[in-house]
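Note that ligands are numbered from 1 as they come in the structure, with each ligand's atoms numbered from 1 the same way.
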Amino acid sequence: MDSPKQVPPPWKAERPVTELSNRKSENIDTATVPEIINILHDCEEEMFIGWQNYQRLHDKDFVKKLSEVSKYAAALIKNSADSAIILSGCGTSGRIAFFIATKMNSLLRERGLPQCFGYIIAGGDRALTHSVEAFEDSPGAGKDELIKVAKGKRKILFIGISCGLSAPFIAGQLHHCMSHLDTFLPVLLGFNTIHMVRDRTIEGWDHTLLTVTKHLMLLESSGQGYILNPIVGPEAITGSSRMKGGGVTKLILETCFLTALSYLSVSSDPKDNDEINADKDAANDSSKQEKLITSLFECYKQVWETSYPTSKEQLSKLIEQAGKSLLDNGHVYYAGWDTWGLLGLVDASECPPTFGSDFDDIRGFLKGGLAPLESFPQTMNAAVGQDPLEDETSLEFFKKSVLPSITAKDTVVFLVPSNDANIYHELNILLKSVMQKTQHIGVISSLLVDETQLDLKSCTVVPLGHLKEEMINKIQDGGLDSELGNVVVKSVSELALKSALNAISTGAHIAKGKVYQNYMVDLKLSNSKLLERGIGIVSRCAECSKEFARDAVMRAIYRTDDIASFRDTPVSSIIQTAGNVERVVPIAIILAIKGCTVREALDHQERAPVIRTSLLNLLQPPSTIS
Ligand code: S6P
């Protein structure tokens, strides 16, 4: 494998890769639905093939580092009485942290091992399903949460996930870990190089993201910390790290922990678990583990890749239906089982901050709801109800409270992961009820599903790819037992599902005019990163300076032409207001292009509510609008 070609180290920030516009998706807003799927595929492929000359997933150095982290994880799992593995993130990164921690704990439970995974999501458990973006800016909140979750543990592997290496919440936690190296092994996971990390002052803190990251880099040289940062290219929708950023986070962490479990030869008798000897395997056979890591990456790629051709035609149909639903002011509902239902919830929860959509526009429901997945009680709060009928994330709630109000305008997508008689039974009953309400019904299924058991007439069925037998043999030869092999089969199909769900929600919002070129032009400016992104979008769309765009954004936030008195307002206060104001970016773009008053911009917006159309009207004569 090629060695990484690192960028020269001057600490001069250029635009981070995760905030760049991807050239492959510049015309995604004018593409047909099948073309949208191709564009998303081409952008996602960069997860596996890398981007430009930067470090890739498969590069030797990256695989080696991941193998070392995984060895450390194995040692902690072995001695888990007073150890923990804590995954932390904001927004999608926090949801993926929750997803992995929950999944790994249930796997440990099945293998007779104590559950030692914990998660932290900025903003608490409400953020699992709602947009609670402001906490991302607080290093103090990050540190406080970490102290709570780490209480009573002697050794902790801490993995802070920030796709953009940009979340002060995570920086606060890493800083705490680096001040307590006797307890913590700090790891930062993200997808920019260090020289792109921001050196901007963080309100109420003495450090910057760059100083924290550079400190961690120093520790890395002595094996006291790690930075895992393969570069996977810019997102298809600029800055939308929920897409491949979330996917590659899932892939890397699952690979890391499945490899860790392969180090442990667990006795079939739980009493003999003391004899688990992690150190022996870990020390002796690094190259075998590195090979396993590479094979696992290949498994993800194989299923992700084969899902595109098998699902494309039907997925296009489903995206069209979902787009029509949103355009008609209807809804898109995902209803699923097991981890597939959870991924539906995650996809839906990302739409309000990304597209400025309502919570109800796209919603997800999971059999049993989130409450039973509770894995680290100290991080759970009362926002998640215990009774599934009252839990707004559950399939039971969907049946009782949503199904009665479904109309022909809505699209319902069932997410069916496995060959399970109970699921078939429940799904057939649900299909019957939903068919009486709407014709827009999709079923995304894994190849494990026996479709003859389902009454799928008039449904759009999207089959995903499946892991080839030879790949299963390869990972089993590489050290995974058949139980772990089954987890891989499940995990790789989840990545394909995640891509399909991202395609549905992105495609539907493109249809609704929420994307201009490849920019999310109606995002919520609810933290400092999003505020900066919003100003950048206004500056690019209106072709004006950053300063001019900033003024336009401030006028749109405060709905006044006289912003002189707001000049010294702290960023935290600006975003607190901005998070509650509708259509800030579209109004700011109109202000910047037309040079009009806020009142006139609001009138313009009201007359042309579809943002992309309104922008095109402003930028070019109506006769040339496509
Ligand atoms: C991105 C999503 C956001 C991010 C969050 C954390 O599409 O809407 O919620 O996940 O801002 O970003 P990062 O770069 O720290 O992982």
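- Checked against a 6.0 Å centroid threshold, the rings of Trp340 and Tyr334 do not count as neighbours.
- Sorted by chain then number, the residues whose non-hydrogen atoms approach ligand 1 to under 4.0 Å are Cys90, Gly91, Thr92, Ser93, Glu133, Glu136, Ser162, Cys163, Gly164, Ser166, Ala167, Ser240, Ser241, Arg242, Thr354, Lys529.
- Taking the six-membered ring wherever Trp is involved, the centroid distance between the rings of Phe184 and His176 falls below 6.0 Å.
- With hydrogens and angles ignored, the 3.5 Å screen pairs no side-chain donor or acceptor of Arg583 with any backbone N or O of Ala588.
- For the 3.5 Å distance criterion, the side chains of Ser505 and Glu350 fail to qualify, holding no donor opposite an acceptor.
- Contacts of Ser572 classified as side-chain contact (heavy atoms from CB on, under 4.5 Å), with partners at least two apart in sequence or in another chain: Glu203, Pro570.
- Checked by atom type, the side-chain pair Lys103/Ser491 shows a donor-acceptor distance below 3.5 Å.
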